[in-house]
Q: 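Here it is, the structure in full.
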Amino acid sequence: MGKTIAEKIFESHLRDEPFEGTKVLALDRVLCHEITTPVAIADLEWRGKDRVFDKSKIKAVIDHVTPSKDSKTALQAKMLRDWARRHELKDFFDVGHNGVCHALFPEKGYIHPGFTVIMGDSHTCTHGAFGAFAAGVGTTDLEVGILKGVCAFREPATIRINLNGDLPQGVYAKDVILFVIGQLGVNGATDHVIEFAGDVVEKMSMEARMTLCNMAIEAGGTCGICMPDQVTVDYLWPFIQDQYQSKDAALEDYQKWQSDVDANYAKVLDFDLSSLEPHVTFDYKPDCVKPVAEMAGAPVDQIYIGTCTNGRIEDLRVAAAILKGRKIADSVRGIVSPATPKIFSQALNEGIIQIFMEAGFCVTNPTCGACLGMSNGVLSEGEVCASTSNRNFNGRMGKGGMVHLMSPATAAATAVAGVITDARAL
Amino acid sequence: MQKLFKGATIFLDRSDINTDEIIPAKYLTEVTKEALQPYMLEDLKLDGFDPQGEALANARVVVSRQNFGCGSSREHAPWVFEVNGVHTIIAESYARIFRQNMFNGGMLAIELPKSDIDKLFAMSQLGEVVIDVDVDGQKIAATVAGETTNFNFDISEFDKALVNAGGWVEFADERY
Ligand code: SF4
């Protein structure tokens, strides 16, 4: 019997199996941000174990509220900053260099095929786009990861999702994943790895694959995962060229992680996406999705383009192409947060920032702030946001507020029209 | 803190109760567990539920439906239960991270089949339900109006070891 990519990664990283079915894995990356890490740091100090297992494998960023908005968030930032300095973490990103964790860490080339990655953040599943096993964990798992470089998981079962056909013009990875979550339901993949395959995925850029894997958790999935291929090698090449003689050699090496053809899956789902429409959420769960056309005309108060789902340069390009020469409706306010400084400066160089500003958008620094209702775009009671983020829970972006999840194209078109709008109809 | 797996029970009759409802993000700026205490389930959307009510204040056990604790990885969700003395959750199913966070903190996230959960909800119609969990025996005794009903449950050896060790840090520190 063959193995899935997740099974191969588990096998190669197995440190211990204290009980049948409990796999303790050695970790290649432990990622940290200022919301979930400080309590782990404080607890380690309290236990007299203020140590790190490997300062080159731990990466940290201040991204959720940055620059700090008040004394409490300043303290969180300070705790992470002091800790990173104390332990001489080489890769610590503070104001001026920081950006949304799941955009920043991949962009720095930290995630490679076959890696095991944890972070105290549920959207860590994003990094599976590189053919890594990457899972969100709580602060206690993070603490043990920092101290010991291990994490325990149940043996993962895998759901394989084959996405086939030609994605129509104007339909994006975000529409695909919203559609898939609608099919699976919010707990359809609990305790499972979701393996994304098929020609739609093969043709996707790394950015699009990250959008796909980012929302695996919204179906309950432990990790989303894509097979490493030429696209992966091309993206990582600047970071791995010392390691391999050629791209071909890297590709050949990465191929060892591919799921075997006779691998065992808990479930295999096939979707032909040739006639997929842009999708949007309604209500307060990410599996409440429908085609944008069916929601067209619904009013919104705020447009938010950014986040670890859709704040990458490709996303900004798509939105800017729609906004170019247009103004957003008087009835709405627009906020765009390029996800990292690199993306910000790319957008600046390409004239994208200018387009956003001329359209009437507020451009913020790279941060999560609005996505989880902490800063830079929190909603008031009764307000509605058209957002490119990943979560539409009640009150997510502010108590009493409502969120409709959508692609950057739909968000840009909605900004222009002031009501939910299919960009293809603009 | 010594964990107690028994006491008055509150029934939350909804699936997919998410971590934003259990502890809203605006409180994630706290850096101690204790500071979360007043905010348990503050944003829960559920008819008849009062986050300031006595039923919640007295509760030591929560019973709910499917996919409890979905959403963010914030361990603040188990912590807000912990500091309010709620160390046992019983539901049909959980989101993975929340479930692991409970056991990692030495607390219980027990899964029961739908038929048992239905029975518990039916009992709640008769008055205040008091639950007592025997972790090693994997048994729940639920008492209402002087009558006790028993339920069997199953948790993995690993989860049991975590509860007995007092959490994952203790377990891992001993072993790795
Ligand atoms: S952008 Fe939103 S979902 Fe992503 S890490 Fe930040 S807060 Fe979480």
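In what follows, every chain begins at residue 1, and chains take the letters A, B, ... in the order their sequences are listed.
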Q: Answer with side chain, backbone, both or neither: which region of Thr22(A) has an atom nearer than 4.5 Å to a non-hydrogen atom of chain B?
A: side chain
Q: What part of Leu75(A) gets closer than 4.5 Å to chain B, counting heavy atoms only: side chain, backbone, both or neither?
A: side chain
Q: Before you tell me yes or no, could you show the steps for Asp43(B) and Asn394(A) under side chain to side chain donor-acceptor pair (under 3.5 Å), namely the whole-Å CA-CA distance, both residues' side-chain angles and the distance that decides it to 0.1 Å?
A: CA-CA 8 Å; Asp43(B) 275 357; Asn394(A) 175 38; 5.9 Å; no
Q: Tell me if a side-chain donor or acceptor on Arg96(B) pairs with a main-chain N or O of Gly136(A) at a distance below 3.5 Å.
A: yes
Q: Can you say whether Glu157(B) sits under 4.5 Å from chain A via the side chain, the backbone, both, or neither, judging by heavy atoms?
A: both
Q: Return the minimal non-hydrogen interatomic distance between Ser122(A) and Ser73(B), and the atom names on each side.
A: N-OG, 3.3 Å
Q: Is there a donor-acceptor pair closer than 3.5 Å between any side-chain N or O of Lys148(A) and the backbone N or O of Tyr176(B)?
A: yes
Q: Quick check for you: among Asp16(A), Thr73(A), Leu372(A), Val186(A), which has the greatest number of heavy-atom pairs under 4.5 Å with chain B?
A: Asp16(A)
Q: Heavy-atom distances under 4.5 Å only: say whether Leu44(A) touches chain B with side chain, backbone, both or neither.
A: neither
Q: Got Glu75(B) and Val39(A) here, is their nearest side-chain heavy-atom distance under 4.5 Å?
A: no
Q: Chain B heavy atoms under 4.5 Å from Ile217(A): which part of the residue, side chain, backbone, both or neither?
A: side chain
Q: I'd like to know which of Asp16(B), Val31(B), Thr19(B), Val169(B) tops the heavy-atom pair count under 4.5 Å against chain A.
A: Val169(B)
Q: For a side chain to side chain donor-acceptor pair (under 3.5 Å) with Asn104(B), tell me which candidate from Thr140(A), Asp141(A), Thr139(A) qualifies.
A: Asp141(A)
Q: Highest number of heavy-atom pairs under 4.5 Å with chain B: which of Glu143(A), Arg391(A), Lys49(A), Met374(A)?
A: Arg391(A)
Q: Chain A heavy atoms under 4.5 Å from Phe171(B): which part of the residue, side chain, backbone, both or neither?
A: side chain
Q: Under a 4.5 Å heavy-atom cutoff, which of Lys33(B), His76(B), Glu30(B), Lys26(B) has the most pairs with chain A?
A: Glu30(B)
Q: Quick check for you: among Ala25(B), Ala77(B), Gly71(B), which has the greatest number of heavy-atom pairs under 4.5 Å with chain A?
A: Gly71(B)
Q: Between atom CG of Asn18(B) and atom CZ of Arg396(A), what is the distance when rounded to the nearest 0.5 Å?
A: 9.0 Å
Q: Side chain, backbone, both or neither: which part of Val24(A) has a non-hydrogen atom closer than 4.5 Å to chain B?
A: side chain
Q: What part of Pro18(A) is in contact with chain B, defined as an atom under 4.5 angstrom from a non-hydrogen atom: side chain, backbone, both or neither?
A: both
Q: Taking side chain as everything from C-beta outward and backbone as N, CA, C, O, which of these in Thr190(A) sits under 4.5 Å from a heavy atom of chain B? Side chain, backbone, both or neither.
A: side chain
Q: Distance from Glu17(A) atom CD to Phe158(B) atom CZ, nearest 0.5 Å?
A: 11.5 Å
Q: Among Asp70(A), Asn390(A), Asp43(A), Asp121(A), who wins on heavy-atom pairs under 4.5 Å with chain B?
A: Asp121(A)
Q: Heavy atoms only: give me the nearest Gln76(A)-Leu28(B) pair and the separation to one decimal.
A: NE2-O, 2.6 Å
Q: Asp159(B) versus chain A, heavy atoms under 4.5 Å apart: side chain, backbone, both or neither?
A: side chain
Q: Relative to chain A, which segment of Ser15(B) carries a heavy atom at a distance below 4.5 Å: side chain, backbone, both, or neither?
A: neither
Q: Counting heavy-atom pairs closer than 4.5 Å to chain B, which one of Ala42(A), Gly395(A), Ala152(A) comes out on top?
A: Ala152(A)
Q: With a 4.5 Å cut-off on heavy-atom pairs, point out which of Glu42(B), Arg99(B), Gln66(B) contacts chain A the most.
A: Arg99(B)
Q: To the nearest 0.5 Å, tell me how far Ser72(B) OG sits from His123(A) NE2.
A: 8.5 Å
Q: Tell me the closest heavy-atom pair linking Asn101(B) and Gly138(A), and the distance in Å.
A: OD1-CA, 3.1 Å
Q: Among Arg154(A), His64(A), Glu34(A), which has the most heavy-atom pairs under 4.5 Å with chain B?
A: Arg154(A)
